[in-house]
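Structure first, then comments.
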Amino acid sequence: MTTTVPTDVYYDPYDVELNADPYPMFKRIREEKPLYYNETHDFYALSRFADVNAALIDKDTFSSARGAIIELIKANIEIPPGVLIFEDPPIHTMHRKLLSRMFTPRKISALEAKVREFCCQSLDPLIGTGKIDFIADLGAQMPMRTIGMLLGIPEEDQEAVRDFANEQMRTEEGKPMKASTEGMVSGELFEKYVDWRTENPSDDIISELLNVEFEDETGTLRHLTRDEILTYINVVSGAGNETTTRLIGWAGKVLAEHPDQRRELVRNPALIPAAVEELLRFEPPAPHVARYVTRDIEYHGQTVPEGSAMMLLVGAANRDHRQFTPDGDIFDIHRESKPHLAFSVGTHFCMGSALARLEGRVALEEILERFPEWDTDLTNAKLSPTSTVRGWESMPASF
């Protein structure tokens with residue numbers, strides 16, 4: 001998919017046409033305006049890998065406490081406790097520690113058999129049909145079932161929960177998120193599941209959240225409040241669906257455009273983990289993240305004043321030739337392994353990254369085993385309308 005690149009160096013997260021293929025503009029910003037300022041929406045942006053990486057790590061200068069999305073930072077709305085991605089230490093540290101015990105390497109590794117089973121159940125009925133939609137048939141199914149199982153959401157309710165999470169991310173085309181004017185959505189949808197698990201505890205995240213005892217930031221030993229539990233569940237539900245769904249959609253498109261590399265993966269499935277990393281680098285599901293600037297700071301000879309909103313262009317940084325040689329705009333499953341920023345870095349490194357990698361690897365293994373060749377139907381493919389994440393609503397293909 002290509003678009004006409006404007007003559008001026010300009011980036012707007014709400015510009016639908018620009019975001020259909022932002023990479024030509026990301027490259028221009030990286031090279032011509034490494035500190036970019038958007039007058040229309042009043043935000044700064046960093047695009048080079050070294051700058052974005054350092055800013056993500058510098059939690060004191062670049063605060064998450066007012067949100068990680070430009071429109072939320074501008075609205076300065078109240079963020080409910082428990083929204084980890086919109087928190088700074090020490091509260092973030094406390095909340096993260098609670099959730100991290102539910103995503104240990106041992107627990108994630110134990111999920112592989114179920115993830116594979118969910119993939120098989122989605123893909124087997126497609127054999128012989130000649131058609132697949134990478135989103136509708138797999139991307140919107142397997143991650144939903146996996147995170148639903150982890151949380152303890154009944155199977156018959158998982159689609160409604162997934163759609164609720166997706167709706168919070170969707171926007172009207174060219175418009176900011178509703179949360180910037182209507183406030184953050186509460187987790188009241190999950191109340192009935194919390195009530196059920198209160199009486200019927202099981203081996204799931206909701207039960208663990210109900211029973212965990214911890215020392216909060218004031219030194220008080222306590223349990224989570226009901227509101228904190230509902231917010232946690234809302235956050236985990238949304239994050240658990242989002243990244244892998246996008247990853248599977250991009251895998252369908254990018255591998256169709258690189259059939260030689262796809263054939264290599266079919267011949268040698270041991271290359272698939274590296275291909276997952278390259279897909280995440282090449283098409284990160286979250287192409288940018290924002291921070292509130294807490295002090296004056298200088299970049300490239302210019303001062304960013306305290307109180308500014310800073311957009312960190314992860315999608316641009318992930319293709320910076322200074323980090324990814326020789327050309328970050330080339331997709332290459334044999335690329336030298338170097339850290340990318342698709343899962344962020346530092347304090348807010350994605351806690352579910354191991355799960356997303358597992359799901360991505362297993363999904364590719366099962367897709368390629370059944371359907372080694374396919375052609376995507378980009379005429380009928382549809383990008384999701386959202387200003388925060390970037391991926392496909394549908395990605396139909398034939399084989």
From Cys119 SG over to Lys114 NZ, what is the distance, rounded to the nearest 0.5 angstrom?
12.0 Å
Using modelled atom types only, decide if a donor and an acceptor are shared between the side chain of Arg66 and the backbone of Ile73 within a distance under 3.5 Å.
yes
Within the side chain of Asn19, is there an N or O that forms a donor-acceptor pair under 3.5 Å with the backbone of Pro13?
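Yes: the side chain of Asn19 pairs with the backbone of Pro13.
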Going by the side chain to side chain donor-acceptor pair (under 3.5 Å) test, name the single residue among His340, Arg361, Arg335 that passes it with Glu277.
His340
Within 45° of the ring axis of Phe324 and under 6.0 Å from its six-membered ring centre, is that where the NZ or CZ of Arg319 lies?
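That pair does not qualify as a cation-pi contact.
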Are side-chain heavy atoms of [X] and [Y] found at a separation under 4.5 Å?
X      : Y      : result
Glu359 : Arg116 : no
Ser64  : His348 : yes
Leu255 : Leu364 : yes

Return the orientation label for the [X] and [Y] ring planes: parallel under 30°, perpendicular over 60°, tilted otherwise.
X      : Y      : result
Tyr10  : Tyr36  : perpendicular
Phe282 : Tyr23  : parallel
Trp250 : Trp392 : perpendicular
His258 : Phe331 : tilted

According to the ring-ring contact (aromatic ring centres under 6.0 Å, His included) rule, which pairs have a member within residues 104-142, sequence neighbours left out?
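Of all non-adjacent pairs touching residues 104-142, those that pass ring-ring contact (aromatic ring centres under 6.0 Å, His included) are Phe134-Trp374.
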Electrostatic pair Glu373:Arg263 at N-O distance under 4.0 angstrom:
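Yes.
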Counting only heavy atoms not in Glu298, do more than 12 fall under 6.0 Å of its CD?
yes
Take Lys192 and Asp195, measure what salt bridge (Lys or Arg N to Asp or Glu O under 4.0 Å) needs, and give me the verdict at the end.
CA-CA 5 Å; Lys192 60 184 177 183; Asp195 290 340; over 6 Å; no
Do any pairs count as a salt bridge (charged side-chain N to carboxylate O under 4.0 Å, His left out) and have a residue in residues 93-111, sequence neighbours left out, and if so which ones?
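Every salt bridge (charged side-chain N to carboxylate O under 4.0 Å, His left out) pair that includes a residue of residues 93-111, provided the two are not neighbours, is Lys107-Glu208.
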Which pairs count as salt bridge (charged side-chain N to carboxylate O under 4.0 Å, His left out) when at least one residue sits in residues 119-133, sequence neighbours excluded?
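Sorted result for residues 119-133: Asp124-Arg370.
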Residues Ser384, Glu393; criterion side-chain hydrogen bond (donor to acceptor under 3.5 Å, both in side chains); working and verdict:
CA-CA 5 Å; Ser384 296; Glu393 196 99 338; 2.8 Å; yes
Can you find a side-chain donor-acceptor pair between Asp227 and Thr225 that sits under 3.5 Å?
no
Is the closest side-chain donor-acceptor distance between Asp88 and Ser63 under 3.5 Å?
yes
Under the side-chain contact (heavy atoms from CB on, under 4.5 Å) test against Val52, which residue among Asp320, Val345, Leu341 passes?
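Testing each of Asp320, Val345, Leu341 against Val52, the sole residue satisfying side-chain contact (heavy atoms from CB on, under 4.5 Å) is Leu341.
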